[in-house]
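Worth saying up front: this structure is predicted, and the values here are computed from it rather than measured. Quick note on labels: first sequence line is chain A, next is B, and so on, each numbered from 1.
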Amino acid sequence: MNNYIRGLKSGIPIGLGYLSVSFTFGIMAITLGYTWWQATLISLLTVTSAGQFSGIKTMLVPGNYAEMVISQLTINVRYSFMSISIGQKASTRFSGLKRWILGFFMTDEIFAVAAAEKVVGAAFFAGLSTIPWIGWTLGTMVGALMGNVLPAKLLSALGLAIYGMFIAIIVPEMQKVRPVIWVVLIAVALSCLFYYVPVIREIPSGFSVSICAIAAAIVGALLFPKDFSDEEEAYDE
Amino acid sequence: MNNTQFFTYLLIMSGVTYLIRALPFALITRKIENKTIRSFLYYIPYAVLSAMTVPAVFYATSNPISALAGFAAAVVFSLKGCSLTTVAVIACACVYVTELLV
């Protein structure tokens, strides 16, 4: 129970950050002609930002099923790597059905916080997922029903919550493990290319993040293989 | 849009997304021994997060100046070793204050 509560607390900034994005999703869904319950149901059952924003456009055209499968696969393929990564850190009792259920919540942000743990337990992960899931769903519903209820300045400020968290995860590791600096620089350089260079910037952001991250991590793994000998005991805790 | 079309699409979208996440999580349970793959998996979180953060963070607020202020605050307080929540709240506060001033 303690671990669940600890996870719950760690999920608060993620939930807050999700509000600003999910409001926007709710508003956009209404603009495209969806009802409030449709928008809410999509968020409740999918819990992914880029995938949903792209998905509700694909859905407007009847019979686009193959395109839906392909676009969701490419935009969301990064989650597979996150799942494998967290799977390696999962405690021995975090297995079987627990993984089938909790795997549902592997968003970028939940992954990020879980990755900062030495060993990831099921209770912690469940706690960590709770508030973001509620925030994402509720934010969509409120956005769809009421439009933008938060003052623009507050919404704008909340836009930085998630990135603030990301930075707080990346920076300490850069201080501690030098090669991480190189991996980060490569990922940032590639991601800037995908953001600014014509033609390749048309690639959906979820997919380009996957490409940048995989490339940077491969370079890191080849040039700076990590010594894990001191971490073996931690796994069995 | 009729309900059949909506629910078919919803099933595909949420189903595909779920399987991408859950399949590798539930099925790859063995400890990976290969040093290169383990190093790759170790670097993946930092690579994903940095690719998602830069340059998107500079466009996350209503103007790049407040975003830059929030970004700088987040870096400084991360260097000081503040927790995730603290850094996130300070970064948001910094954006808010900057937008009041600019």
Nearest heavy-atom pair of [X] and [Y]: which atoms, and what distance?
X: A:Ile42; Y: B:Met13; answer: CG2-CE, 3.3 Å
X: A:Pro13; Y: B:Ala88; answer: CB-CB, 4.2 Å
X: A:Ala187; Y: B:Ser50; answer: CB-OG, 4.2 Å
X: A:Val183; Y: B:Ala47; answer: CG1-CB, 3.9 Å
X: B:Ser78; Y: A:Ala168; answer: OG-CA, 3.2 Å

Straight-line distance of [X] [atom1] to [Y] [atom2], nearest 0.5 Å:
X: B:Asn63; Y: A:Ser156; atom1: CG; atom2: OG; result: 7.0 Å
X: A:Asn76; Y: B:Leu19; atom1: CG; atom2: CG; result: 11.5 Å
X: A:Ser49; Y: B:Met52; atom1: OG; atom2: CE; result: 6.0 Å
X: B:Ile20; Y: A:Met106; atom1: CD1; atom2: CE; result: 13.0 Å
X: A:Ile86; Y: B:Leu41; atom1: CD1; atom2: CG; result: 10.0 Å
X: B:Ser39; Y: A:Leu223; atom1: OG; atom2: CG; result: 11.0 Å

Decide yes or no on side-chain contact (heavy atoms from CB on, under 4.5 Å) for A:Leu41 and B:Phe7, but give the supporting numbers first. CA-CA 10 Å; A:Leu41 207 56; B:Phe7 283 107; 3.6 Å; yes
Side chains of [X] and [Y], heavy atoms from C-beta outward: is any pair under 4.5 Å?
X: B:Arg38; Y: A:Lys226; result: no
X: B:Tyr18; Y: A:Thr48; result: no
X: B:Val48; Y: A:Phe81; result: no
X: A:Gln52; Y: B:Thr17; result: no

Taking every heavy-atom pair that is under 4.5 Å apart, which of [options] has the most such pairs with chain A?
options: B:Thr61, B:Ile44, B:Val95, B:Leu49; result: B:Leu49
options: B:Val54, B:Val57, B:Thr8, B:Ile37; result: B:Val57
options: B:Ile28, B:Thr53, B:Asn3; result: B:Thr53
options: B:Leu79, B:Leu27, B:Val87; result: B:Leu79
options: B:Cys94, B:Ser83, B:Pro55, B:Pro45; result: B:Pro55
options: B:Ile32, B:Val75, B:Thr36; result: B:Ile32

Using heavy-atom distances under 4.5 Å, tell me whether [X] contacts chain B through its side chain, its backbone, both, or neither.
X: A:Gln175; result: side chain
X: A:Ile169; result: both
X: A:Leu16; result: neither
X: A:Ile214; result: both
X: A:Thr107; result: both
X: A:Gln38; result: both
X: A:Leu190; result: neither
X: A:Val77; result: backbone

Please identify, among [options], the residue contributing the most non-hydrogen atom pairs under 4.5 Å to chain B.
options: A:Met174, A:Gln72, A:Lys153, A:Met59; result: A:Met59
options: A:Ala112, A:Gly55, A:Pro62; result: A:Pro62
options: A:Ser80, A:Gly164, A:Gly159; result: A:Ser80
options: A:Met68, A:Lys9, A:Lys98; result: A:Met68
options: A:Val47, A:Leu97, A:Ile56; result: A:Val47
options: A:Ile75, A:Ile101, A:Ile170; result: A:Ile170

Please confirm whether [X] and [Y] have ring centers closer than 6.0 angstrom.
X: A:Tyr163; Y: B:Phe71; value: no
X: A:Phe105; Y: B:Phe25; value: no
X: B:Tyr59; Y: A:Tyr195; value: yes

Between B:Tyr9 and A:Tyr65, what is the ring plane arrangement, given parallel below 30°, perpendicular above 60°, and tilted in between?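 Ring orientation of B:Tyr9 relative to A:Tyr65: tilted.
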Can you tell me if B:Lys35 has over 12 outside heavy atoms packed within less than 6.0 Å of its NZ?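 Count over threshold, so yes.
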Would you say CH2 of A:Trp182 has more than 12 non-hydrogen atoms from neighbouring residues, nucleotides or ligands within 6.0 angstrom?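 Result for CH2/A:Trp182: open.
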So which part of [X] gets closer than 4.5 Å to some heavy atom of chain A, the side chain, the backbone, both or neither?
X: B:Asn2; answer: neither
X: B:Ile90; answer: neither
X: B:Val16; answer: side chain
X: B:Phe6; answer: both

Using a 3.5 Å distance criterion without hydrogens, assess whether the side chain of B:Tyr43 forms a donor-acceptor pair with backbone atoms of A:Phe224.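 Side chain of B:Tyr43 to backbone of A:Phe224, a donor-acceptor pair under 3.5 Å: yes, one is there.
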So, does B:Arg21 use its side chain to make a donor-acceptor pair with the main chain of A:Tyr79 at under 3.5 Å?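 Such a contact is absent between B:Arg21 side chain and A:Tyr79 backbone.
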With no hydrogens and no angle check, just 3.5 Å: does a side-chain donor-acceptor pair link A:Glu173 and B:Tyr42?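 There is such a pair (donor and acceptor under 3.5 Å, judged by atom type) between the side chains of A:Glu173 and B:Tyr42.
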